[in-house]
Protein chains: 2
Amino acid sequence: MSPTAQVISIGGRQARCENCGHIGSCMARDADNPEASGRHDIPVVPRIVHRGEHLFRAGESFENVYVVRSGAVKTYVISSQGDVHVTGFHLPGDLVGADAIASGQHVCSAEALDTCSICVLPFDRLTALCMRSPTVQLRLLKHLSSTIVRDEALLLRLGQRTAEQRLAAFLLEQAERRRVQGYSPYEVNLAMSRADIGSYLALAVETVSRILTRLQEHDIITVQRNRIRIRDLAALEALAEEAPPSRRAAAH
Amino acid sequence: MSPTAQVISIGGRQARCENCGHIGSCMARDADNPEASGRHDIPVVPRIVHRGEHLFRAGESFENVYVVRSGAVKTYVISSQGDVHVTGFHLPGDLVGADAIASGQHVCSAEALDTCSICVLPFDRLTALCMRSPTVQLRLLKHLSSTIVRDEALLLRLGQRTAEQRLAAFLLEQAERRRVQGYSPYEVNLAMSRADIGSYLALAVETVSRILTRLQEHDIITVQRNRIRIRDLAALEALAEEAPPSRRAAAH
DNA sequence: CGATATATTGAAGACTATCAACTACTGTGG
DNA sequence: CCACAGTAGTTGATAGTCTTCAATATATCG
């Protein structure tokens with residue numbers, strides 16, 4: 001296998017791993033172990049996915065996991081009754097599709113919210129690499145683990161928080177992700193629709209809309225379609241952190 | 001390391017791996033690879049934990065993952081405001097504590113609901129074993145993956161189901177687990193309190209109680225404290241599967 | 001057997017969903 | 001370039017579900 005076979009160029013720019021901002025956490029190559037590199041690395045196949053297109057759909061057989069390199073992806077599940085529930089929004093650096101490991105079939109569907117660049121990692125190659133690279137193994141385990149943590153944090157919010165608290169926490173989460181990516185945390189561009197947000201937070205679309213309006217009336221945020229400006233971070237944090245309507249604890 | 005060093009006996013009975021019902025899915029030894037066994041296996045330290053005692057608490061540094069061998073364990077998180085939320089109930093065969101992989105600190109606490117036998121697996125030993133045994137590696141990944149699936153299924157239910165539907169689904173889940181363990185699925189012994197159930201399903205204790213009563217009045221179940229008998233499985237399933245109050249889908 | 005925790009039941013009120021109407025954007029085609 | 005259609009978002013009124021508070025009953029443990 002020649003070295004260049006590991007880097008497949010699409011459109012001639014940015015598709016090279018060398019230019020990728022996530023190489024430090026990449027699971028396709030063991031950056032900490034350069035001399036082993038080239039033997040153990042997985043041929044990465046970056047793929048451009050357009051808004052509305054799917055990475056995979058629930059029920060499809062599990063072959064690959066996907067890493068978002070740029071753009072935004074939503075994952076959702078469909079219950080036996082046909083109702084849709086968004087389970088997450090995934091930004092650059094995120095791993096998508098690993099929940100299929102257990103059953104060998106994708107349990108959720110993944111759809112691009114805008115134009116995305118996606119690294120497709122064949123799962124068998126990834127596990128093989130894990131066998132040789134403790135670094136990559138730990139990265140994979142940490143990814144799975146943090147998905148669990150995120151899901152459980154969401155469970156906590158859905159269960160014990162009012163609509164306003166949930167939405168405030170959601171906006172802060174978006175802002176934080178912007179910050180991590182090096183952008184201003186006060187300017188959030190929502191790639192998803194109100195319906196998606198509502199589904200994710202278990203709220204009706206109308207409720208999402210109403211609360212955004214209310215937050216704007218209180219001068220906490222400015223809403224312009226999908227462009228949110230956070231004007232009073234402290235107030236937003238206060239809303240999100242507010243004590244929930246007194247739930248008696250289950251203790252021994 | 002002598003072979004017997006891998007089996008630490010507690011109380012002289014049932015602590016030997018040979019008697020363990022979960023050896024086929026055990027992560028401490030590679031049962032599919034007997035000749036490698038003895039070299040790669042992890043010394044298992046079974047531990048007896050009594051009702052109310054903790055396996056670990058949120059914030060503690062992450063050293064081990066835990067496998068429930070017998071008994072029942074609940075995991076819960078505490079928000080910054082101090083409110084408690086139960087994130088799961090764990091029965092024999094379940095892996096607990098892996099959500100700490102990401103941060104190196106436990107994010108939830110795990111408390112025994114009754115007397116439990118727990119296998120303590122040092123995480124560094126486990127990852128080392130994973131490097132050598134694809135079988136064990138896949139088991140670990142599948143465990144993490146199925147935790148994600150479970151959490152997301154719960155998210156779906158919390159978000160889009162009424163209290164009655166959630167509780168019906170919960171009872172069916174308990175029954176199913178009984179069945180898998182070889183017991184009658186119609187006789188469910190709830191190891192957890194109403195408060196725990198309420199916290200898990202994001203319902204007030206009173207609501208849980210009321211709905212159990214209602215189900216009993218409809219001759220669907222019989223409630224005797226923590227002993228639930230399912231009298232009309234079909235009706236219970238119908239309740240759980242019932243279409244949610246029409247949520248408009250978010251589609252392109 | 002008494003004390004405390006757990007569970008049940010009732011009444012009132014809050015939050016959010018639902019239904020309905022309307023507005024604003026997006027993109028397409030004439 | 002503008003008009004139109006269709007989608008997405010907003011706003012208002014009403015109703016339902018579940019929480020909260022309060023009181024009582026039942027179980028558990030010392």
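Chain letters run A, B, ... following the sequence lines, proteins first, then strands; residues in each count from 1. Every heavy atom of this structure was used, including side-chain atoms; hydrogens, water molecules and symmetry mates were not.
Take A/Arg229 and apply the side chain to side chain donor-acceptor pair (under 3.5 Å) test, not counting sequence neighbours, and it matches no residue. Among residues two or more places apart in sequence or in another chain, the side chain to side chain donor-acceptor pair (under 3.5 Å) test is passed with A/Asn64 by none. In terms of the side-chain contact (heavy atoms from CB on, under 4.5 Å) criterion, residue partners of A/Ala191 (sequence neighbours excluded) are, by chain and number, A/Ala72, A/Leu113, A/Asp114. Qualifying side chain to side chain donor-acceptor pair (under 3.5 Å) partners for B/Thr147, counting only residues two or more places apart in sequence or in other chains: none.
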Please tabulate the protein-to-nucleotide N/O contacts below 3.5 Å involving nucleotides 9-11 of chain D, giving atom names and distances.
unit_1, atom_1, unit_2, atom_2, d
D/dG9, OP2, A/Arg194, N, 3.3
D/dT10, OP1, A/Arg194, NH2, 3.3
D/dT10, OP2, A/Arg194, NE, 2.9
D/dT10, OP2, A/Ser209, OG, 2.6
D/dT10, O5', A/Ser209, OG, 2.8
D/dT11, OP2, A/Thr213, OG1, 2.5

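At whole-Å resolution of the value, CZ in B/Arg214 and C1' in C/dT8 are 14 Å apart. Computed from coordinates, the B/Gln160 CD to D/dT17 C1' distance equals 16 Å when rounded to whole Å. Here the C1' atom of nucleotide C/dC25 and the CZ atom of A/Arg227 are 16 Å apart, to the nearest Å. Distance B/Ile197 CD1 to C/dA7 P: 8 Å, rounded to the nearest Å. Distance B/Leu190 CG to D/dA27 C1': 16 Å, rounded to the nearest Å. At whole-Å resolution of the value, CZ in A/Arg51 and P in D/dA8 are 8 Å apart. Look at CG on B/Asp114: it is 16 Å from C1' on D/dT28, rounded to the nearest Å. Whole-Å rounding puts the A/Gln224 CD to C/dT23 C1' distance at 17 Å.
For residues 192-227 of chain B, the ring pair (Phe, Tyr, Trp, His ring centres under 6.0 Å) pairs, not counting sequence neighbours, are B/Phe89-B/Tyr200, B/Phe170-B/Tyr200.
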Sequence neighbours left out, cut at 3.5 Å: what donor-acceptor pairs do the side chains of residues 181-190 of chain B make with other protein atoms?
unit_1, atom_1, unit_2, atom_2, d
B/Ser184, OG, B/Tyr186, N, 3.1
B/Asn189, OD1, B/Arg227, NH1, 3.3

Show me the side-chain donor-acceptor pairs of residues 52-61 of chain B shorter than 3.5 Å, one per line, residues at least two apart or across chains.
unit_1, atom_1, unit_2, atom_2, d
B/Glu53, OE1, B/His50, N, 2.9
B/His54, ND1, B/Arg57, NH2, 3.2
B/His54, NE2, B/Tyr76, OH, 2.6
B/Glu60, OE1, B/Arg57, N, 3.3
B/Ser61, OG, B/Glu63, OE2, 2.7

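Between the side chains of A/His85 and A/Ser79, no donor-acceptor pair of N or O atoms lies under 3.5 Å.
Across all their heavy atoms, A/Leu236 and A/Ile220 have their closest contact at CD1-CG2, 3.8 Å.
Note that the two end axes of the helix from C/dC1-D/dG30 to C/dG30-D/dC1 enclose an angle of 40°, each drawn from 5 base pairs, rounded to 10 degrees.
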